[in-house]
J.: 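A single structure is presented below for examination.
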Amino acid sequence: MIKLYNTLTRQKEEFKPGEPNKVRMYVCGPTTYNCIHLGNARPLVVFDTVRRYLKYKGYDVLYIQNFTDIDDKIIKRANEENIDARALAEKYISEYFKDADALNVKRADHYPKVSEHIDDIIAAIKKLIDKDYAYVIDGDVYFNVRKYEDYGKLSGRSLDEMKSGARVQIDERKKDPLDFALWKSSKPGEPSWDSPWGKGRPGWHIECSVMSTKYLGETFDIHGGGADLIFPHHENEIAQAEACTDCQFARYWMHNGFITVNKEKMSKSLGNFFLVREILQKFSGDTVRFYLLSTHYRSPLDFDNEKLAMNEKSLQRIKNTFALLEQTLNKKPVAGNGDSGNRILKSVDQLVADFESAMDDDFNTALALAAVFEFCKEMNITINDESFRPDKDTLQALEKARDTLYKLAGGILGIIFKAEDTAASDDLVSELVQILIEVRQNARKNKDWTTADTIRDRLKECGIILEDSPQGTRWKKS
RNA sequence: GGCGACGUAGCCAAGUGGCUAAGGCAGAGGACUGCAAAUCCUUUAUUCGACGGUUCGAAUCCGUCCGUCGCCUCCA
């Protein structure tokens with residue numbers, strides 16, 4: 001049973017999708033006017049992991065992420081660079097995929113764009129006007145928050161509370177200061193579309209209500225995004241969608257915490273942001289991903305290079321064990337010496353049980369990683385034991401151990417394992433390294449340390465690492 | 001001003017009423033090794049921001065205070 005924290009109810013709830021074995025989820029994607037920073041990357045990785053886990057648990061997951069490719073910021077940026085707004089948006093969509101791929105984020109099932117759903121949006125706005133939830137002023141259309149009774153239910157505040165502390169600029173034309181634009185009339189030279197209210201473009205919030213319900217149905221299961229979207233973006237999405245359809249919008253709302261720098265929120269306005277591609281120059285994609293998953297998704301996560309470096313080493317520990325399993329599996333079975341196979345199978349069962357119970361509890365990736373570390377330790381102890389003599393059964397158990405680690409840490413958490421490390425996929429390299437190992441063994445027998453060390457050093461320069469163990473010399477690619 | 005979150009070892013981080021407070025990184029000592037790498041063992045919080053309270057029992061519940069941060073405006 002999966003439990004997840006629902007922002008709507010402010011508590012952990014058992015997850016029950018509307019249709020058994022099928023999950024429909026929507027995650028707010030970026031406004032494509034520049035490259036994404038680490039704060040933008042967190043929801044990508046978090047919800048990608050949620051999706052992978054749901055799939056692992058047997059759900060058929062339909063996963064939608066939008067691109068906001070029409071927006072004031074895009075227009076502004078395009079004017080600065082003196083290029084077409086659409087071209088700018090397209091450029092950053094392709095840049096987005098480069099970063100997402102580097103973080104091992106799987107592709108969504110659809111990436112709807114605002115620019116391709118103008119008709120749907122206009123139809124929804126019409127409907128809201130007809131139902132008296134919206135009104136037209138001078139070519140703009142506003143949503144009337146007072147008409148929607150439940151306004152504020154997601155962010156936990158009432159309209160009157162918000163009014164008292166309002167920092168909102170009062171627009172005297174609006175019926176309530178918190179009324180927000182569904183349609184904005186365009187100024188000359190701005191990208192625009194024809195509508196019953198004149199030339200203009202959609203407001204920010206309506207796109208998500210329209211596109212999510214178009215692809216997922218009027219009621220769907222999970223809606224995700226960063227915690228800063230709770231108000232007003234998601235609050236407004238709910239108001240529009242439920243006013244329009246008279247159905248519940250999303251059942252479960254999930255929000256990730258912020259990335260901070262020196263404990264302050266990483267944001268474009270503060271200027272304290274680090275682009276994903278900048279970080280990727282120093283650290284691998286799966287190190288960044290591992291770091292993002294080292295803390296529970298709802299907690300704040302502070303960024304600095306030392307923390308990345310720390311996580312890089314932690315991750316290496318898991319990869320070392322995976323390599324050790326691979327190296328051992330490449331050996332031929334020998335006469336067995338007992339029940340190390342059973343011990344291994346027991347560890348595998350323990351890993352699966354602990355991993356699932358951690359992830360079932362609101363996707364506790366930090367705890368799931370602890371289970372992976374304990375498993376790695378068990379494998380290291382077993383394989384490095386002096387009396388370890390893998391027989392056929394033991395090798396079979398080891399194969400299951402490797403496959404399980406690959407499936408959980410790789411397939412769900414997204415760690416990249418080089419499955420071909422020492423596998424026979426490259427027979428020639430394998431043979432050549434084997435020859436060098438034998439030559440070096442002879443040198444070592446003769447205490448010719450210069451030759452032995454030269455072989456080891458030169459191979460290291462080629463990306464091949466030799467490790468001497470009581471059971472012979474192992475090798476792996478670095 | 002309104003609403004909310006957080007404060008666990010040198011660092012990162014689980015744990016939200018009950019065995020000796022997970023796990024990782026770093027440090028110290030040891031084992032293995034010709035050296036190295038990897039690995040293993042031991043060690044590192046009598047204590048969970050502070051002070052009170054509830055309880056047989058609290059890091060975990062309640063209160064007060066201190067500190068940090070967030071949302072209320074574009075933001076993942």
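Model, not experiment: these values are computed from the prediction. Proteins get letters first, then strands, A, B, ... in listed order; numbering begins at 1 in each.
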J.: Counting only side-chain heavy atoms from C-beta out, which of G24(B), U68(B), C74(B) sits nearest to M310(A)?
T.: G24(B)
J.: Could you check whether Y291(A) gets within reach of a base, just the sugar-phosphate, or nothing at all, counting any heavy atom under 4.0 Å?
T.: nothing
J.: Is the closest basic N to carboxylate O distance between D179(A) and R146(A) below 4.0 Å?
T.: no
J.: Reckon N364(A) has a side-chain N or O less than 4.0 Å from the OP1 or OP2 of G15(B)?
T.: yes
J.: Taking atom C1' in both A28(B) and G10(B), compute the distance separating them and give it to the nearest angstrom.
T.: 13 Å
J.: When all nucleic acid strands are considered with a 4.0 Å heavy-atom cut-off, which category describes G257(A): base, sugar-phosphate, or nothing?
T.: base
J.: On RNA chain B, nearest-nucleotide positions of E386(A) versus H296(A): which is more 5'?
T.: H296(A)
J.: Tell whether D453(A) reaches the base of G34(B) with its side chain through a donor-acceptor pair below 3.5 angstrom.
T.: yes
J.: Do W449(A) and the base of G34(B) stack face to face, with centres under 5.5 Å apart and an angle between planes under 30°?
T.: yes
J.: Please determine whether a side-chain nitrogen or oxygen atom of K268(A) lies at a distance below 4.0 Å from atom OP1 or OP2 of A76(B).
T.: yes
J.: Under 4.0 Å between a side-chain N/O of K313(A) and OP1 or OP2 of A26(B), yes or no?
T.: yes
J.: From CZ of R298(A) over to P of G4(B), roughly how many Å is that when rounded to an integer?
T.: 16 Å
J.: Which nucleotide wins on minimum distance to the side chain of R157(A), given the candidates A13(B), C72(B), G34(B)?
T.: C72(B)
J.: Select base, sugar-phosphate, or nothing to describe what R440(A) touches, counting heavy atoms under 4.0 Å on all strands.
T.: base
J.: Whole angstrom is fine here: how far is it from NZ in K447(A) over to P in G34(B)?
T.: 8 Å
J.: For S294(A) and C12(B), is the shortest distance between a side-chain N/O and OP1 or OP2 below 4.0 Å?
T.: no
J.: Can the positive tip of R157(A) be found less than 6.0 Å from the middle of the six-membered ring of F231(A), inside 45° of the ring normal?
T.: yes
J.: Write down the distance separating the C1' atoms in A13(B) and A21(B), rounded off to the nearest Å.
T.: 13 Å
J.: So, H205(A) versus H234(A), ring centres under 6.0 angstrom or not?
T.: no
J.: Within this structure, what is the CG-to-P distance between D228(A) and A76(B), rounded to whole angstrom?
T.: 7 Å
J.: Provide, to the nearest angstrom, the distance between the CG atom belonging to N236(A) and the C1' atom belonging to U73(B).
T.: 12 Å
J.: For the pair made of CD1 in I464(A) and C1' in A37(B), what is the distance, rounded to whole Å?
T.: 15 Å
J.: Between G2(B) and U73(B), how far is it from one C1' atom to the other, in whole Å?
T.: 16 Å
J.: Is it true that E207(A) and T68(A) share a donor-acceptor pair across their side chains at a distance under 3.5 Å?
T.: yes
J.: Salt-bridged, K377(A) to E374(A), with N to O below 4.0 Å?
T.: no
J.: Tell me which nucleotide among A14(B), U68(B), C72(B) gets nearest to the side chain of F231(A).
T.: C72(B)
J.: Do the charged groups of D453(A) and R440(A) touch, with an N to O distance under 4.0 Å?
T.: no
J.: Among G2(B), C74(B), C25(B), find the nucleotide with the atom closest to the side chain of S314(A).
T.: C25(B)
J.: To the nearest Å, give me how far apart CD (E161(A)) and C1' (C72(B)) are.
T.: 10 Å
J.: The test is ring-ring contact (aromatic ring centres under 6.0 Å, His included); show your working for Y252(A) and F15(A) and say whether it passes.
T.: CA-CA 8 Å; Y252(A) 301 91; F15(A) 175 65; 5.1 Å; yes
J.: U16(B) P sits how many Å from D361(A) CG, rounded?
T.: 8 Å
J.: In terms of the nearest nucleotide of RNA chain B, which residue is placed more toward the 5' end: T260(A) or L38(A)?
T.: T260(A)
J.: List the atom pairs, with distances to 0.1 Å, where a side-chain N or O of residues 36-54 of chain A and a protein N or O form a donor-acceptor pair under 3.5 Å, not counting sequence neighbours.
T.:
| residue | atom | partner | partner atom | Å |
| --- | --- | --- | --- | --- |
| H37(A) | ND1 | N40(A) | ND2 | 3.3 |
| R42(A) | NH1 | G257(A) | O | 2.9 |
| R42(A) | NH1 | F258(A) | O | 3.2 |
| R42(A) | NH1 | S299(A) | O | 2.8 |
| R42(A) | NH2 | H296(A) | O | 3.1 |
| R42(A) | NH2 | Y297(A) | O | 3.4 |
| R42(A) | NH2 | S299(A) | O | 2.8 |
| D48(A) | OD1 | K106(A) | N | 3.0 |
| D48(A) | OD2 | R52(A) | NE | 2.8 |
| D48(A) | OD2 | R289(A) | NH1 | 2.8 |
| D48(A) | OD2 | R289(A) | NH2 | 2.9 |
| T49(A) | OG1 | V45(A) | O | 2.7 |
| T49(A) | OG1 | R289(A) | NH2 | 3.1 |
| R51(A) | NH1 | R107(A) | O | 2.8 |
| R51(A) | NH2 | R107(A) | O | 3.1 |
| R52(A) | NH1 | G411(A) | O | 2.8 |
| R52(A) | NH2 | N104(A) | O | 2.7 |
| R52(A) | NH2 | N104(A) | OD1 | 3.4 |
| Y53(A) | OH | E356(A) | O | 3.3 |
| Y53(A) | OH | D360(A) | OD1 | 2.7 |

J.: Think R317(A) forms a cation-pi with F373(A), using NZ or CZ under 6.0 Å from the six-ring centre and within 45 degrees of its axis?
T.: no
J.: What residue among L293(A), L408(A), L315(A), I318(A) forms side-chain contact (heavy atoms from CB on, under 4.5 Å) with L413(A)?
T.: L293(A)
J.: Rounded to whole Å, how long is the line connecting atom CD of E264(A) with atom P of A76(B)?
T.: 18 Å
J.: I'd like to know if R456(A) reaches the base of C35(B) with its side chain, counting only an N/O donor and acceptor under 3.5 Å.
T.: yes
J.: Among the nucleotides A76(B), A13(B), G24(B), which one has an atom lying closest to any side-chain atom of F373(A)?
T.: G24(B)
J.: Do D69(A) and K113(A) meet the salt-bridge criterion of a basic N to acidic O distance under 4.0 Å?
T.: no
J.: Taking the same atom, P, in U46(B) and in A31(B), what whole-Å distance lies between them?
T.: 29 Å
J.: Produce a footprint string for nucleotides 38-44 of chain B: one letter per nucleotide, 5' end first; B if the base is under 4.0 Å from any protein heavy atom, S if only the sugar-phosphate is, - if neither.
T.: SSSS---
J.: Select base, sugar-phosphate, or nothing to describe what L466(A) touches, counting heavy atoms under 4.0 Å on all strands.
T.: base
J.: C1' atom, C19(B) versus G53(B): distance in rounded Å?
T.: 27 Å
J.: Would you tell me if any nitrogen or oxygen in the side chain of K445(A) comes within less than 4.0 Å of OP1 or OP2 on G34(B)?
T.: no
J.: Please measure how far the P atom in G67(B) lies from the corresponding atom in C25(B), and state the result in whole Å.
T.: 36 Å
J.: What integer number of Å spans the C1' atoms of G17(B) and C56(B)?
T.: 12 Å
J.: Is the ring pair Y96(A)/F67(A) parallel, tilted or perpendicular, if the boundaries are 30 and 60 degrees?
T.: perpendicular
J.: When you compare C69(B) with C12(B), how far apart are their P atoms, in angstrom units rounded to a whole number?
T.: 15 Å
J.: Taking the basic N atoms (NZ, or NE/NH1/NH2) and the acidic carboxylate oxygens, is any pair closer than 4.0 Å for R201(A) and D71(A)?
T.: no
J.: Convert the base pairs of RNA chain B into dot-bracket notation, remembering that pairs crossing earlier ones are written with [ ] and that bases paired across to another strand are shown as |; include only Watson-Crick or G-U pairs under 3.5 Å.
T.: ((((((((.[[[..)..(....]]].(((((.......))))).....[[[[[..)....]]]]])))))))....
